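Everything on this sheet refers to the single structure shown next.
Computed from a predicted structure; not experimentally measured. First the proteins, then the strands, lettered A, B, ... as listed; each starts at 1.
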2 protein chains.
Amino acid sequence: MPHPLGLRERKKAQTRETIVRCAMELFAERGFDATTIADIAEAADIAPRTFFGYFPSKEAVVFHDFEEMFADFETRLRSRPKDQTAFEALRTWIVEMITRVEENGETAMEDQRRCLIHDTPSLDAHERANMGRFHELLTECVAADLDVPADSLRANMVAAAAVAALESLRELKDDDTSGPEQAIAVMDEVLVFLVGGLDALRATSEAGAASD
Amino acid sequence: MPHPLGLRERKKAQTRETIVRCAMELFAERGFDATTIADIAEAADIAPRTFFGYFPSKEAVVFHDFEEMFADFETRLRSRPKDQTAFEALRTWIVEMITRVEENGETAMEDQRRCLIHDTPSLDAHERANMGRFHELLTECVAADLDVPADSLRANMVAAAAVAALESLRELKDDDTSGPEQAIAVMDEVLVFLVGGLDALRATSEAGAASD
DNA sequence: CCGTAATTTTGCAGTGAGTGTGATATTCTG
DNA sequence: CAGAATATCACACTCACTGCAAAATTACGG
């Protein structure tokens, strides 16, 4: 048993990577909309029909690692120790994510991808849908932390601010030498904001209850 | 001069309304994806090609009033009195919007539209892109209010929470007899949260500056 | 090493959104 | 009512994406 995976699995993984690499190169060269499936297939040396055996749509190539990433986050979030808040879990995860990207020297690639997404409307919409999933998941867990219903406004706001910070981190990264330090600083700032806001809400609701 | 608008303009407006009405009926009956442009064209008694003279895409029909709405909000926001915050302008606008919809008895139609958007991925993505425009605009104006750069984290968070409230309002509306009162209550809660959060940030930055 | 079953790749035909173009019909202007 | 402006339409096209069945590839038992 010399191989951890059979020939089939290895070839599939390899083809998938080839598709991603070729597609991203073409997108960078001539833009997302100006690149056809046929172009990608030719560059990756596969039949156009085969592309759809690997990805359900052209957009999916750009977000090829999202499902994995999201699943990882969800697992960590749901299996976090009882004394850890959802926000803390998010912070830890983000720091690890950034560290990993920098270790692998993928910063340039990530930047390029962000630009592509930013100036292609259909990709931008897709990205927002992805962020929406983060938002939903976070709302649910934040609600549990705060011991309020999952559709409550404050859980929703807290999650929204956290997601905003996440987006803000992406834009910040190409500014200068980032490292995880800046991310930590940002998340700390968010935490102060959220705790302050929640305290204020608690204060007014207590005052309201006292005056009743 | 018996007519405020020429025959042409009137006919165009009428056709546009017919398209919207027919399309929304079909969407409600058989779903968005199961309805083709050809179906809509037949129902509205126009040529399929003519549809695209009125709307750039099938999705655009569902959001037929967004551009107008957004432009209205932007105007109000940018021309608001100097002593009014962006958040106050948002609150006023929302209350007017809700009041108008209820006066016209369009609540049922709005609900139906929300459902359609919610369970059609492509529409959901489009909706999120629209909300993104609100977010950007609000971020810019909130930043001006707070006297911080437009790409600063706190302006972004404040705007994100405000947008979250906006979304939260839509889901809340079909619960029971809503009226503008609930919207006002929600916005007040958001305001408490935001002010509390911002105060906390100010407090820590002052403490940090003092300890330096 | 070989046959066969499982799986992957591929070609082909088709649906549906959206665009460019030029002809035809309608409305506006003088 | 003639002619300019504009709206509608038919036609042909590109491209994303799907279903299907044949062909190629890989895995496995003997």
query: At what distance, to the nearest 0.5 angstrom, does CZ of A/Phe193 lie from CG of B/Leu194?
result: 5.0 Å
Side-chain donor or acceptor of B/Arg16 paired with backbone N/O of B/His64 under 3.5 Å: yes
- prompt: For the side chain of A/Arg76 and the backbone of A/Trp93, is there at least one donor-acceptor N/O pair under 3.5 Å apart?
  reply: no
message: Using a 6.0 Å cut-off, check whether atom CG of A/Asp72 has over 12 heavy atoms from anything other than its own residue.
response: yes
query: Using a heavy-atom distance cut-off of less than 4.0 Å, which residues of residues 120-131 of chain B contact DNA chain D?
result: none
I'd like a table of atom pairs between the protein and nucleotides 16-20 of chain C - only N or O on both sides, under 3.5 Å - with the distance next to each one.
| unit_1 | atom_1 | unit_2 | atom_2 | d |
| --- | --- | --- | --- | --- |
| C/dA17 | OP1 | B/Ile37 | N | 3.3 |
| C/dA17 | OP1 | B/Lys58 | NZ | 3.2 |
| C/dA17 | OP2 | B/Ile37 | N | 3.3 |
| C/dG18 | OP2 | B/Lys58 | N | 3.0 |
| C/dG20 | N7 | B/Arg49 | NH2 | 2.9 |
| C/dG20 | O6 | B/Arg49 | NE | 2.5 |

statement: Contact string for nucleotides 23-30 of chain D, one letter per nucleotide 5' to 3', B = base within protein heavy-atom range under 4.0 Å, S = sugar-phosphate only, - = neither, reads --BBS---
query: If every non-hydrogen atom of A/Gln112 is compared with every non-hydrogen atom of A/Ala28, which pair is closest and at what distance?
result: NE2-CB, 3.3 Å
- request: Take atom CD of B/Glu42 and atom C1' of D/dC9, then tell me their distance rounded to the nearest Å.
  value: 16 Å
- prompt: Is the count of non-hydrogen atoms from other residues, nucleotides or ligands lying under 6.0 Å from B/Glu68 atom CD greater than 12?
  reply: no
Nucleotide C/dT26, atom C1' - distance to NZ of B/Lys12 in whole Å: 13 Å
- prompt: Counting distance only, does the side-chain N/O of B/Arg133 pair as donor-acceptor with the main-chain N or O of B/Asn130 below 3.5 Å?
  reply: no
message: Please determine whether a side-chain nitrogen or oxygen atom of B/Tyr54 lies at a distance below 4.0 Å from atom OP1 or OP2 of D/dA7.
response: no
message: Around atom CG of A/Asp147, are there more than 12 heavy atoms from other residues, nucleotides or ligands closer than 6.0 Å?
response: no
field: Approximate separation, where rounding is to 0.5 Å, of A/Met131 CE and A/Arg170 CZ
entry: 4.5 Å
message: Could you report the tightest heavy-atom contact between A/Arg80 and A/Ala86, atom names first, then the distance?
response: NH1-N, 3.2 Å
- request: Let me know the distance between CD1 of B/Ile46 and C1' of C/dA25, rounded to the nearest Å.
  value: 16 Å
